[in-house]
**Q** 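Dropping the structure in here first, questions after.
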Amino acid sequence: MFVNQFLFLAAVLFCIGVYGVIARKNAVLMLMSIELILNSVNINLLTFAMRNGSTDGHVFALYIIAVAAAEVGVGLGLVLLVYRNKKTISVDELSEMRG
Amino acid sequence: MIAQNIGFWIIAVLMVVSALRVVTTNNVVHAALWLVVVLAGAAGQYILLAAEFVAITQVLVYIGAVMVLFLFGTMLTRARIGAESDLNNSYKKLGIPVALVMLVAMGLALTRSFGDEKLPESAKVVSTQEVSDQIFGPYLLPFWALSFVLLAAVVGAIVLARKD
Amino acid sequence: MNLLAAETEVLAPLASGWFLENAWLIPVIPAIAFALIILIGKRLPMKGSELGVASMLASLVLSAGAAYQWIQRVNSATEEQFVEPVIRSWSWWRSGGFDFGIGQHIDGLSVVVLFVVAFISTLVQIYSLEYLRGDRRYTHFFAALTLFSGGMLAMVLADNMILFLLGWEVMGLCSFMLIGHWWEEDANSRAALKAFFTVRTGDVGLLVGISMLYFAANDWTQENLGLSGFSIRGISAWALSGEPNSTVIMVAAIALFIASIGKSGQFPLHTWLPDAMAGPTPVSSLLHSSTMVVAGVFLVARLYPVFFVGLDILGSGGNLIMFIGAITIVISAALAFVQNDIKRVLAYSTVSQLGYMMLGLGAGAWLPAVFHIFTHAFFKACLFLGAGSISHSASHHSFDMKRDMGGLRKVMPITFTTWIISTLALCGVFPFSGFFSKDEIIDNVGNNGYNTFMIVGLVGAFMTAAYMTRATYLTFFGEPRGASAGHSSHESHDDHASHDDHSSHGPHESGLLITAPLMILSVLALGSGLLNATPFGESWERMKLWVEPRAVEVVDSTYSGGPGESLIVNVPSAGEGSSKSVCGTSTPEIGVCYAPKLEHAKFKWSKAMLSMAIVFLGMVVSWILSMLLFTKRDARLVGLTQRVKILGVGHRFLVNKYYLDDLYEKVIVRSVAYPISSAAYWFNQNVLDGILHSISNLTRKFSGWVYKNIDQRVVDGTVNNSATFTKSVGTAAQPTQSGKVSQYGALLFSAAAVAALVLVIINT
């Protein structure tokens, strides 16, 4: 197995995730795209862990999974709050940051 | 090795197709289910990469917990359980070139750096014990920090989501 | 081995015992009790309070046992021998080469404070049984009170700074919870937040100081003592070893002292303490007068060698600690004159007394300062509990002396007697305990050559006597007013209506659960000074014998006392000259020092008489003025502040607490928070938009210029096109500030992608 086949898979997933973050309007779908990005990073970490014969990558992959779980929890909390206040979770409607 | 290669390619194609469906489908619940396929595929790749414990954690945490959260989120925000037309915004067209430029950049970098390099053939499976030795040894402090992140996330999620 | 055995024969081995070896149980018991109260407290017959009281009683017994065995240990040592503290430590956790220990460090100082904390905690919990009966968060109150005791006890016997920090922060948290116990009232939760944030401000100093000490001392302590750089014992020895860089240790000492300022309510961070009186009275009595607030003083006393070397204590001209202490004594005593709330008077009095302790520590009067912690705890706790007793039984939960008190000496004889005893102790009248500690501080400050500071101390004594007389007069003498006269017209007290069932009858004496702690404390306020009664000669100076670490060089030998723990035995210093201590003055040659050599002032009756006279003068002046002002309504005095302008200004200055709160909230917080947000806004409005606007304007102008000058000669179409193009760039760039997340994300990712591509191509 080549190192690159895993890394390319991760790169493709990453780019799909980026596309999703940009293109999606629904906040829940945006969060899902972020999960794609995080998973591609995990694949990278584990590939390099195998390549270098160390276990550090595993530790960080686990940490990323934990952080992702926390992120989803808080993210969905935010989405719920936004929904309650605005009756929509379309991120296009949230333009309070307009300059 | 060949069997593993075949396995890799099958899973990889499945993952890419499902990932594309996640970002293109017009149904939030379908997107969540496609995401399950991607995450399960990722778990499979982890096993190919000799990371059993991470793969199991992936299944437990992502497919078990995070997906349930997503489905709850979909339900609580009353998204229609069915096709919706306006899930994408007007920047869809901007997203494709950005993603492609990124892919080109990463692809160039990867081919230049790793070329034909192969993974070690006889890589031994990393046991849970080794991972735990790492976590509770040199990486203890990040582990603690992470525990606090989780605690803060729990508190934050409750505070954000409760009705006052 | 033989050599070692031969040498140990010279000195008798120090006595030890079960209570000393297992002193670590003292904070563990309240911690467990806390967990139990939280888990099952509500289901118990007394709502969990019995667990709190029982755990405090157990801690009290253990600390009393430890104190007794410590005394035996001291007695088993010879005159000049260094009495080794009983240290046990375990490895708590380690990460990346850092080893964080947990353990106990029992010496005279920790034994005294352990006993005081356990004792006052027990009494206050008993008092709270009655005082908070029927409160809606009764169980939580006891849980927090018990956790507080656990935290404070852990801090007191900590053998390293990490555990110290843990206890310190647990106390801060409990203080926050207890001040805000009745958080339904906005003022209470504000006071809790204020206390928390102000103390946190200082706590940054603690973190900085601990880290600095660790990195500076660790190598030395590991090499010479086999201890980590967090260990208090190691740090003390390191500070006196002549090794430390003077700048490093000075900065570390200042950082630690900032933490002390925050915790012990010293000037300029004293503003939180009077506001903290919003909590229930038992809390004020336990946390904010007798125990928690002395933590700052305790920190200085505990790491005294660091401050001794770092801030050049005993150097000429005074040092930071003395200045802060002296300023605090005077300004807070002045504030106590304008308060109408009896608890606020006591709060400012506490601040002022803490100033005395700091002044003493700064001036090299270590023992008098520690002794003042001891005596002050008893009489101040008694005063607070007395105030609580008045509000509980006589004035409908009001603390306003001018509106709701007066003439209470007849109806509350026990409260009155205990109050008078404690007041006299606080003022420092001869046979009462305050005299022996406070006068010692003033005396030693003068003896060490700081005459100006001694005068400040005497002025403080005068003011203390005066404001306490005023408060006593307003509370117990004169005509009954407001609620204590039996009027039940106060609407505001329905807030705590849950325990208002005795408001129907007029003022009366409190029940036994309240008066018993008062009586016990007043006996101690009267008698505890005799433990170090310098006027009666050397043999009465027990505290000095038991508590003060002896400044002798020690040659250590460490042996392992079992898995995970080590016991350090004292091997006598080599040679005959060891009795001549060089600790604190020059570098120790053969061993290490754990305490600097300090001088003690010789007691003189003449000096004591002088300060007595000042105190009596303060009392008499204040009594006469109070009588004229509050009872006779003398026309010359009433409304004086309105009539004489300069007095009015001074009065307003005091009532507004020197405008420090305004400074903090209106000036500092605003000046930090406002400019950041307004600068960001300004940047957005002017710079970002400005760039876009000016680009479009410039290009428009430029195209206009082109149109006028070149248009006629060059092809019209080209010019027109470039003008519209540049204009459209300007207008097209403006919508990028749309506020839409997706667009921002797209821009961010595309910028990153392009940059990455550029990097990849360049790096070929």
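Side-chain atoms are counted along with the backbone in the values below, which use heavy atoms only and exclude waters and symmetry mates.
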**Q** Given a strict heavy-atom distance threshold of 4.5 Å, which part of A/Leu7 is in contact with chain B: side chain, backbone, both, or neither?
**A** both
**Q** Answer with side chain, backbone, both or neither: which region of B/Ala31 has an atom nearer than 4.5 Å to a non-hydrogen atom of chain A?
**A** both
**Q** Relative to chain A, which segment of B/Leu146 carries a heavy atom at a distance below 4.5 Å: side chain, backbone, both, or neither?
**A** side chain
**Q** What part of B/Met67 lies closer than 4.5 angstrom to a heavy atom of chain A: side chain, backbone, both or neither?
**A** neither
**Q** Measure the acute angle between the ring planes of B/Phe143 and A/Tyr63, then classify it against the limits of 30° and 60° as parallel, tilted or perpendicular.
**A** tilted
**Q** Heavy atoms only: give me the nearest B/Val22-A/Leu29 pair and the separation to one decimal.
**A** O-CD2, 4.5 Å
**Q** Please flag which part of B/Leu119 lies under 4.5 Å from any non-hydrogen atom of chain A: side chain, backbone, both or neither.
**A** both
**Q** Please rank A/Val67, A/Asp56, A/Val82 by heavy-atom pairs under 4.5 Å with chain B and give me the top one.
**A** A/Asp56
**Q** Taking every heavy-atom pair that is under 4.5 Å apart, which of B/Ser132, B/Gly115, B/Ala42 has the most such pairs with chain A?
**A** B/Gly115
**Q** Checking B/Ile158 against chain A: side chain, backbone, both or neither under 4.5 Å from a heavy atom?
**A** neither
**Q** Quick one: of A/Ala70, A/Ser33, A/Gly75, A/Ala61, who has the most non-hydrogen atom pairs under 4.5 Å with chain B?
**A** A/Ala70
**Q** Taking all heavy atoms of A/Leu13 and all of B/Ala19, pick out the closest pair and write down the distance.
**A** CD2-CB, 3.6 Å
**Q** Check each of A/Phe2, A/Phe6, A/Phe48, A/Phe8 against B/Phe114 using the ring-ring contact (aromatic ring centres under 6.0 Å, His included) test, and report the only one that passes.
**A** A/Phe48
**Q** Might you point out which heavy atoms bring A/Ala69 and B/Val66 nearest each other, and give the distance in Å?
**A** CA-CG2, 4.3 Å
**Q** Does any backbone or side-chain atom of B/Val61 lie under 4.5 Å from a heavy atom of chain A? Answer side chain, backbone, both or neither.
**A** side chain
**Q** For B/Val16, which atoms come within 4.5 Å of any heavy atom of chain A: side chain, backbone, both, or neither?
**A** both
**Q** Side chain, backbone, both or neither: which part of A/Ile43 has a non-hydrogen atom closer than 4.5 Å to chain B?
**A** both
**Q** Taking A/Val79, A/Val21, A/Leu31 one by one, which has the highest count of heavy-atom pairs under 4.5 Å against chain B?
**A** A/Leu31
**Q** Given a strict heavy-atom distance threshold of 4.5 Å, which part of A/Glu71 is in contact with chain B: side chain, backbone, both, or neither?
**A** neither
**Q** Could you tell me which portion of A/Val74 (side chain, backbone, both or neither) has an atom closer than 4.5 angstrom to a non-hydrogen atom of chain B?
**A** both
**Q** For residues A/Ile22 and B/Gly95, report the shortest heavy-atom separation together with the two atoms involved.
**A** CG2-CA, 3.8 Å
**Q** Is B/Ala152 close to chain A through its backbone or its side chain, or both, or neither, when contacts mean heavy atoms under 4.5 Å?
**A** neither
**Q** So, for A/Cys15 and B/Met106, which heavy atoms are closest and what is the spacing to 0.1 Å?
**A** SG-CE, 3.5 Å
**Q** For the residue pair A/Arg24 and B/Thr25, what are the closest heavy atoms and their distance?
**A** NH2-O, 2.9 Å
**Q** What part of B/Phe8 gets closer than 4.5 Å to chain A, counting heavy atoms only: side chain, backbone, both or neither?
**A** side chain
**Q** Among A/Leu78, A/Val12, A/Leu9, single out the residue with the greatest number of heavy-atom pairs under 4.5 Å to chain B.
**A** A/Leu9
**Q** Between B/Val131 and chain A, which part of the residue has a heavy atom less than 4.5 Å away: side chain, backbone, both or neither?
**A** both
**Q** Which region of A/Leu38, side chain (C-beta onward) or backbone (N, CA, C, O), has a non-hydrogen atom less than 4.5 Å from a non-hydrogen atom of chain B, or is it both or neither?
**A** side chain
**Q** Identify which of B/Thr24, B/Leu100, B/Val38 forms the greatest number of heavy-atom pairs closer than 4.5 Å to chain A.
**A** B/Thr24
**Q** With only heavy atoms counted, which part of A/Thr47 is less than 4.5 Å from chain B, the side chain, the backbone, both or neither?
**A** both
**Q** Please look at B/Thr111 and chain A and tell me whether the side chain, the backbone, both or neither of the residue comes under 4.5 angstrom of a heavy atom of that chain.
**A** both
**Q** Against chain B, label A/Leu46 side chain, backbone, both or neither, depending on which of its atoms sit under 4.5 Å from a heavy atom there.
**A** both
**Q** Between B/Ala51, B/Ala50, B/Gly156, who has the most heavy-atom pairs with chain A when the cutoff is under 4.5 Å?
**A** B/Ala51
**Q** Are there over 12 heavy-atom neighbours, none belonging to B/Phe136, within less than 6.0 Å of that residue's CZ?
**A** yes
